[in-house]
Trainee: 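This is the structure I want to talk about, given as structure tokens.
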Amino acid sequence: MSDWCSDREALREQYADASNLDDRIALHEQFSTADRPLNDWRVDQLSDRLDDDATVLGVGVGPGHLWRETRDRTPWTVHLTDASPGMVRECRDAL
């Protein structure tokens, strides 16, 4: 059995759309012991380092959960992309 991370077809299948990623995110949310949501923490880290007029390039953003959930807290110009056309489609449709 090959390592699925090296198997392009397996990767294409896993990341064709956000359904598998959403399942993994749900597991983390259900069992997390953090004191706040991960995406809030991520934006706090960026806010400490970026000026309000910054331009951000998000690469490998999947369906854009981070940016969708925190859009009211992100003053930056944001450009997003992913290697998966399905993820890009879902991100574009959601934002």
Side-chain angles (χ1 to χ4, degrees):
M1 178 182 211
S2 67
D3 176 10
W4 74 268
C5 290
S6 300
D7 183 340
R8 289 184 160 220
E9 187 57 37
L11 287 172
R12 241 186 313 278
E13 182 181 321
Q14 281 295 308
Y15 295 100
D17 60 37
S19 60
N20 290 321
L21 180 60
D22 287 342
D23 289 344
R24 289 190 289 278
I25 290 169
L27 283 172
H28 285 280
E29 288 173 346
Q30 183 177 355
F31 296 105
S32 175
T33 59
D35 62 347
R36 61 186 164 151
L38 177 60
N39 286 339
D40 287 341
W41 179 85
R42 287 174 171 160
V43 168
D44 289 344
Q45 302 308 302
L46 291 172
S47 294
D48 289 346
R49 293 165 175 80
L50 297 175
D51 294 328
D52 285 354
D53 62 348
T55 300
V56 175
L57 172 61
V59 178
V61 300
H65 292 308
L66 166 65
W67 303 103
R68 183 174 50 242
E69 293 171 12
T70 62
R71 78 175 99 198
D72 60 331
R73 298 184 51 217
T74 53
W76 318 294
T77 300
V78 180
H79 302 277
L80 307 174
T81 191
D82 196 279
S84 163
M87 294 283 195
V88 170
R89 220 175 0 266
E90 288 188 42
C91 184
R92 184 182 54 234
D93 292 347
L95 297 172

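Along the sequence shown, the residues carry numbers beginning at 1. Remember, predicted model here, so these are calculated numbers, not experimental data.
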Trainee: Could you tell me which non-hydrogen atom of Ala18 sits nearest to which non-hydrogen atom of Pro63, and how far apart they are?
Mentor: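 Result for this residue pair: CB-CG, 3.5 Å.
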
Trainee: Restricting to side-chain hydrogen bond (donor to acceptor under 3.5 Å, both in side chains), what partner residues turn up for Glu9, sequence neighbours left out?
Mentor: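 In terms of side-chain hydrogen bond (donor to acceptor under 3.5 Å, both in side chains), with neighbours along the sequence ignored, Glu9 is linked to Arg12.
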
Trainee: Is it the case that one hydrophobic cluster holds both Leu66 and Val88, taking links as side-chain heavy atoms less than 4.5 Å apart, direct or via other members?
Mentor: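 No, no single cluster joins them.
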
Trainee: Could you go through Thr55 and His79, starting from their C-alpha distance and side-chain angles, then the distance that decides it, and tell me whether this counts as side chain to side chain contact (heavy atoms under 4.5 Å, CB included)?
Mentor: CA-CA 8 Å; Thr55 300; His79 302 277; 3.6 Å; yes

Trainee: Can you list every salt bridge (Lys or Arg N to Asp or Glu O under 4.0 Å) pair that touches residues 68-84, not counting sequence neighbours?
Mentor: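 Salt bridge (Lys or Arg N to Asp or Glu O under 4.0 Å) check on residues 68-84 returns Asp40-Arg73, Asp44-Arg73.
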
Trainee: Write down the atom of Ala83, the atom of Pro85, and the distance for their closest heavy-atom approach.
Mentor: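 In this case the closest contact between Ala83 and Pro85 is O-CD, 3.4 Å.
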
Trainee: In the single-linkage hydrophobic clustering (I, L, V, M, F, W, Y; side-chain heavy atoms under 4.5 Å), do Leu95 and Val43 co-cluster?
Mentor: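 Same cluster: Leu95 reaches Val43 through Ile, Leu, Val, Met, Phe, Trp or Tyr contacts under 4.5 Å.
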
Trainee: Is there a chain of hydrophobic side chains (I, L, V, M, F, W, Y, each step under 4.5 Å between heavy atoms) that links Leu50 to Val78?
Mentor: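 Yes; Val78 is reachable from Leu50 via cluster members.
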
Trainee: Run the side chain to side chain contact (heavy atoms under 4.5 Å, CB included) test on Arg89 and Arg92 for me, step by step, so that the C-alpha distance in whole Å, both residues' side-chain angles and the decisive distance to 0.1 Å come before the verdict.
Mentor: CA-CA 5 Å; Arg89 220 175 0 266; Arg92 184 182 54 234; 3.3 Å; yes

Trainee: Tell me, please, which residues at least two apart from Ser19 pass side-chain hydrogen bond (donor to acceptor under 3.5 Å, both in side chains).
Mentor: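 Residues passing side-chain hydrogen bond (donor to acceptor under 3.5 Å, both in side chains) with Ser19: Asp17.
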
Trainee: Tell me the closest heavy-atom pair linking Cys91 and Gly62, and the distance in Å.
Mentor: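 For Cys91 versus Gly62, the nearest heavy atoms are CB-O, 3.7 Å.
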
Trainee: In Å, rounded to the nearest 0.5 Å, how long is the span from OG of Ser32 to CD of Gln30?
Mentor: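 Between Ser32 OG and Gln30 CD, I get 11.0 Å after rounding to 0.5 Å.
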
Trainee: Kindly compute the distance separating CH2 (Trp76) from CG (Asp52), expressed to the nearest 0.5 Å.
Mentor: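 Result: 8.0 Å between the selected atoms.
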
Trainee: Quick one: pull up NE2 in His65 and CG in Leu21 and give me the separation to the nearest 0.5 Å.
Mentor: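 The distance works out to 5.5 Å.
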
